[in-house]
Amino acid sequence: MKEGTGISPELESTVDIIQGMGFSVVEAQCRPVKGSVQVVIYIYSSEGVSLDDCTKVYRTVMPRLEVALDSRDISLEISSPGISRNIKFFREFAIFTGRRIRVLTEDSSEWVQGDLIHADDDEIVLTVGDGERRYGRAEIVKAKISEG
């Protein structure tokens, strides 16, 4: 897993606005590209994210980004994380609580699949079969949202 939060510091106030609209921000990255600014934001809701939702967030966020980033040359992409997203940052587990995920740990070559029932800063808990399994932050090598 990558270190960090997946949120560019210059987008933190934008994240607050999007969360106020009822969405979780999975990732928000900002980077310069050939004289312009490229911003990519992934939003999530347990009820799903529609094209209308992405459009609403885009229209709300774009004018604020132009002021905050002091640029009119911004490429903004708003998207949902997808049904089989690689979980890149540990803080994402809390967003996806209740979803089925797969994890690969450092001491196993097999993926473990289960329902994510708890996530905090140090560990996650999955229901697997009849029981629960706990995995610490340092144990997890890779994780994905699972389709089934």
Side-chain angles (χ1 to χ4, degrees), residues 1-34 36-66 68-69 73-106 108-129 132-148:
M1 305 217 110
K2 294 181 181 180
E3 290 296 319
T5 64
I7 308 293
S8 292
E10 57 269 78
L11 298 178
E12 287 178 4
S13 63
T14 304
V15 168
D16 293 339
I17 292 165
I18 295 168
Q19 289 174 336
M21 296 174 72
F23 300 99
S24 296
V25 176
V26 176
E27 187 175 353
Q29 296 294 321
C30 178
R31 60 184 161 268
V33 177
K34 297 182 182 178
S36 67
V37 180
Q38 182 181 32
V39 177
V40 178
I41 301 174
Y42 293 96
I43 60 174
Y44 176 77
S45 169
S46 59
E47 290 92 44
V49 175
S50 69
L51 181 58
D52 286 343
D53 293 331
C54 291
T55 301
K56 189 184 322 178
V57 170
Y58 181 96
R59 288 184 178 151
T60 301
V61 166
M62 185 58 142
R64 289 167 171 82
L65 286 176
E66 289 173 342
L69 301 176
D73 194 6
I74 297 173
S75 166
L76 173 59
E77 177 185 333
I78 306 291
S79 182
S80 68
I83 58 174
S84 59
R85 176 182 170 83
N86 289 328
I87 297 174
K88 299 177 186 176
F89 304 97
F90 201 81
R91 70 163 196 82
E92 290 181 45
F93 286 110
I95 294 170
F96 297 118
T97 299
R99 295 285 306 266
R100 180 164 288 266
I101 66 167
R102 298 184 310 154
V103 295
L104 184 64
T105 61
E106 62 184 10
S108 176
S109 61
E110 301 275 326
W111 287 88
V112 176
Q113 182 169 276
D115 294 324
L116 179 60
I117 59 170
H118 174 77
D120 60 31
D121 292 340
D122 300 315
E123 72 175 3
I124 65 169
V125 180
L126 300 179
T127 54
V128 180
E132 295 179 356
R133 289 198 188 164
R134 296 179 177 275
Y135 297 98
R137 174 189 287 257
E139 294 176 73
I140 301 170
V141 176
K142 288 184 183 180
K144 291 180 156 237
I145 298 172
S146 183
E147 295 180 44

Considering only heavy atoms from C-beta outward, does the side chain of [X] approach that of [Y] to under 4.5 Å?
| X | Y | answer |
| --- | --- | --- |
| I101 | I124 | yes |
| L69 | C30 | yes |
| V40 | E77 | yes |
| S146 | W111 | no |

| field | Full working for side-chain contact (heavy atoms from CB on, under 4.5 Å) between I43 and V57 | value | CA-CA 9 Å; I43 60 174; V57 170; 3.9 Å; yes
Distance-minimising heavy-atom pair for [X] and [Y]:
| X | Y | value |
| --- | --- | --- |
| A94 | A119 | N-CB, 3.6 Å |
| A28 | I41 | CB-CG1, 4.1 Å |
| Y135 | L126 | CE1-CD1, 3.9 Å |
| Y42 | P81 | CD2-CA, 4.0 Å |
| F89 | G6 | CE1-CA, 3.3 Å |
| L116 | F93 | CD2-O, 3.0 Å |

| Does N86 reach the main-chain N or O of K88 with its side chain, forming a donor-acceptor pair under 3.5 Å? | no
Rounded at 0.5 Å granularity, tell me how far [atom1] in [X] sits from [atom2] in [Y].
| X | Y | atom1 | atom2 | value |
| --- | --- | --- | --- | --- |
| I87 | I145 | CD1 | CD1 | 5.5 Å |
| Q113 | K144 | CD | NZ | 11.5 Å |
| R31 | Q38 | CZ | CD | 4.5 Å |
| D73 | E66 | CG | CD | 10.0 Å |
| L65 | T60 | CG | OG1 | 11.0 Å |

| Is a side-chain donor-acceptor pair under 3.5 Å present for D53 with S50? | yes
Extract all donor-acceptor atom pairs below 3.5 Å that involve side chains of residues 10-25 and protein atoms in other chains or at least two apart in sequence.
none

| Does E123 have any salt bridge (Lys or Arg N to Asp or Glu O under 4.0 Å) partners at least two apart in sequence or in another chain, and if so, which? | R134
| note | Sorted by chain and residue number, the salt bridge (Lys or Arg N to Asp or Glu O under 4.0 Å) partners of R85 (sequence neighbours excluded) come out as E27, E92
